[in-house]
Amino acid sequence: MDSQEIGKHPVVQKLKSWDGQSVADVIEFRGETTVIVPAAQILRVCQFLATESSLRFTFLSDLTPVDRFPLEPRFELNYHLLSIENKQRVRLRVKLPGKDPAIPSVTPVWPTANWHEREAFDLFGIRFPGHPDLTRILMPDEWEGYPLRKDYPTEGIR
Amino acid sequence: MPEPYTLSHATIETAAGPAEPMVLNMGPQHPSTHGVLRVILELDGEIVLKAKPVIGYLHTGIEKSCESKTYSQCITLTDRIDYLAPLSNNLGFCLAAEKLIGIDVPKRAQYIRVLLTELTRVSSHLVWLGTHAIDLGAMSVFLYCFREREEIMKIYEYVSGQRMMTSYFRIGGLALEPPPGWLDKVKRVIDAMPGHIDEYEDLLTENRIWIGRTKGIGMLSAENAIAIGASGPLLRASGVAYDVRKAFPYSSYDEFDFNVQTANGCDCYARYQVRVAEMRESLKIIRQAMDRIPAQGPFRAELPGIIPPSREEMKTSIEGLIYHFKIFTEGFAPPAGEVYQAIESPRGELGVFMASDGSPRPYRVKFRTPSFINLQSLPMLCEGRLIADVVACIGTTDIVLGEVDR
């Protein structure tokens with residue numbers, strides 16, 4: 001797909017016409033659109049996508065980080081948005097540094113993000129300022145380290 | 001470091017003056033929690049003020065394990081995520097990998113996949129119905145449901161060699177040709193099923209105790225269900241007709257004629273209605289699939305270097321032997337990129353996010369499991385209700401703890 005067609009996805013066009021600063025890049029792969037959003041903009045962008053009457057991305061399907069260690073910025077955070085009414089999906093992605101990764105919580109937009117963000121905190125050590133209860137969810141409370149990071153050995157730390 | 005659990009409601013007014021709410025620990029070892037779920041309940045007498053699910057007791061790090069296995073090896077792990085619907089998990093993973101690589105699966109394999117995953121839905125709903133009923137005191141329904149489920153397990157065993165951890169779907173198609181006569185066995189089961197479902201409905205649908213324990217209990221409005229990310233029957237019982245099979249058809253579901261079952265009750269009873277109706281709908285799909293499955297044809301795609309060659313080819317041609325050896329020792333490398341593939345598992349939207357860096361092992365696999373998200377609605381369902389209703393509310397979300405904790 002050439003670069004002209006990439007920008008034609010309705011979500012990308014809406015976002016660009018709303019605020020040019022909100023779209024850093026767009027990736028098309030296997031028919032899925034990924035919009036790369038500057039980390040500082042994420043809450044605004046999510047609020048816009050969830051409430052804009054022609055888009056209505058009211059459902060957050062999934063939120064998951066990917067650790068690109070040792071690259072920098074180290075973490076990618078993927079938000080999988082779903083619009084039930086328009087039968088449309090889009091993926092937002094923000095990039096976070098390896099040192100103290102933190103990004104505003106999207107729980108004010110989608111309450112379902114609560115456990116997703118707790119999981120990301122638990123397994124990757126990403127902090128979400130504004131989260132109502134950012135505690136470990138799958139690992140024991142006293143666990144040390146973040147198991148899904150790439151520098152955490154698969155067999156665990158002994 | 002997380003803070004220790006603290007009471008949220010300071011005091012309750014009683015005739016004798018202010019009093020502390022009672023904290024009751026339910027689980028993790030409790031028969032009604034369907035596994036190892038712990039719920040911390042704050043009670044005012046028998047009224048639940050606050051419910052906090054505590055999970056992670058079955059966390060086995062499946063996503064981490066996937067990162068050190070080849071794509072084909074990961075399939076065996078997916079069975080163990082949701083052990084009541086292993087084939088749905090196989091399907092989700094295989095579809096994601098196929099999307100990543102760009103494989104077209106032969107129609108015959110697609111229809112067989114549809115048939116078996118719908119059978120899985122019936123068997124999973126049977127376990128749900130049986131255990132939910134036994135939680136609420138209806139012993140006989142449990143025995144009937146497990147009787148019928150056993151017949152479906154026998155089909156799994158006949159087709160794949162395994163009763164539970166089937167790993168029958170592989171990237172590109174199926175593991176092996178289904179044995180002769182398997183469709184007759186399927187037919188025998190689905191011919192008997194409508195009568196059995198009537199039997200359960202006779203026992204429950206107009207049963208006064210059943211209605212008393214489920215109607216108006218565990219209310220979840222459509223707005224709340226969407227906000228909390230609920231999917232599957234939990235969402236559809238709140239009147240939202242979202243079904244991945246219709247909204248984003250995969251594996252040729254768009255060729256089948258079926259309806260998305262919804263109910264407007266928003267309560268436990270509505271979820272019961274939706275699941276029972278879904279079983280009947282699944283039988284309809286299975287019947288259509290049986291008519292469509294061609295008797296002959298490939299059961300997996302052909303793609304040298306990625307999909308294993310047939311047994312015959314492996315033994316007779318040198319290329320076949322080399323490909324076979326390479327696929328099972330070092331695996332295959334899909335192009336770098338990320339995909340998200342959702343399917344409708346019996347519990348809701350099962351999403352598989354797969355990131356590849358161009359190596360033979362997935363760089364990251366994330367399972368968006370419906371149980372994990374649906375369980376988040378538990379406080380909404382049971383706060384303000386009686387403690388006995390907590391059992392009904394846990395049952396009605398249809399969680400599988402293996403899937404919650406992964």
Side-chain angles (χ1 to χ4, degrees), chain A residues 27-32 34 50 56 58-68 76 78 80 82-91 93 107 109-116 118-123 133-144 147-150 152-156, chain B residues 1-5 52-59 61 63-65 67-69 99-102 223-231 235 240-242 244 246-248 335-342 349 351-353 355 357 363-368 372-373 375-377 380 404-406:
Chain A
I27 302 172
E28 281 278 349
F29 182 71
R30 301 287 185 233
E32 295 181 6
T34 308
R56 305 271 297 142
T58 50
F59 195 98
L60 178 71
S61 275
D62 189 30
L63 188 164
T64 184
V66 177
D67 182 5
R68 295 287 178 188
E76 287 171 0
N78 297 291
H80 293 101
L82 165 69
S83 167
I84 292 179
E85 288 142 64
N86 301 335
K87 295 188 178 148
Q88 206 167 41
R89 285 185 196 280
V90 71
R91 179 187 302 134
R93 179 176 297 165
T107 44
V109 188
W110 301 290
T112 179
N114 188 327
W115 282 20
H116 285 299
R118 279 179 70 189
E119 190 186 336
F121 166 75
D122 188 2
L123 304 177
D133 174 33
L134 197 64
T135 51
R136 286 197 180 268
I137 185 164
L138 294 175
M139 305 303 286
D141 284 348
E142 63 281 0
W143 197 265
E144 278 174 29
L148 272 182
R149 286 189 174 188
K150 284 286 174 184
Y152 191 98
T154 307
E155 62 275 17
Chain B
M1 261 301 92
E3 286 168 23
Y5 184 77
K52 188 185 165 155
V54 181
I55 60 170
Y57 296 94
L58 277 182
H59 181 61
E63 288 168 9
K64 183 82 174 174
S65 303
E67 292 173 11
S68 58
K69 299 199 180 318
K99 195 174 190 180
L100 189 64
I101 305 163
E223 297 80 56
N224 282 345
I226 290 175
I228 207 71
S231 54
L235 179 64
V240 182
Y242 171 65
V244 186
K246 277 277 188 218
F248 304 96
E338 293 88 12
V339 292
Y340 177 83
Q341 173 69 45
E349 177 173 324
V352 180
F353 172 77
D357 63 344
Y363 191 76
R364 163 108 171 97
V365 182
K366 158 81 194 241
F367 294 98
R368 185 263 187 223
F372 177 73
I373 309 302
L375 180 58
Q376 225 185 143
S377 67
M380 273 184 186
V404 172
D405 295 339
R406 306 185 295 285

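Below, chain A is the first sequence line, B the second, and so on; all start at residue 1. Hydrogens, waters and symmetry mates play no part in the numbers below; they use all other heavy atoms, side chains included.
Of the two parts of A/Asp67, only the backbone, made up of N, CA, C and O, holds a non-hydrogen atom closer than 4.5 Å to a non-hydrogen atom of chain B. In this structure, no portion of B/Leu58 lies under 4.5 Å from any heavy atom of chain A. Contacts of B/Ala241 with chain A are absent, with no heavy-atom separation under 4.5 Å from either backbone or side chain. Contact annotation for B/Val54: neither backbone nor side-chain heavy atoms come within less than 4.5 Å of a heavy atom of chain A. With a 4.5 Å cut-off on non-hydrogen atoms, B/Tyr57 does not touch chain A at all. Of the atoms belonging to B/Gln376, heavy atoms from both backbone and side chain fall under 4.5 Å from chain A. Only the side chain of B/Ile373 comes within contact range of chain A, judged by heavy atoms closer than 4.5 Å.
For A/His80, the ring-ring contact (aromatic ring centres under 6.0 Å, His included) partners two or more places apart in sequence, or in a different chain, are B/Tyr340, B/Phe353. For A/Arg56, the side chain to side chain donor-acceptor pair (under 3.5 Å) partners are A/Glu85, not counting sequence neighbours.
A salt bridge links B/Arg364 and B/Glu63; the closest N-O separation between the charged side-chain nitrogens and carboxylate oxygens is under 4.0 Å.
Ranked by non-hydrogen atom pairs under 4.5 Å with chain B, the options A/Leu63, A/Leu123, A/Leu82 are led by A/Leu82. The residue among A/Met139, A/Lys150, A/Gln88 with the most heavy atom pairs within less than 4.5 Å of chain B is A/Lys150.
At a cut-off of 3.5 Å, with distance as the only test, no side-chain donor of A/Thr34 or B/Glu338 sits close to an acceptor on the other residue.
Panel note: side chain B/Arg368, backbone B/Glu349; a donor-acceptor pair is recorded below 3.5 Å.
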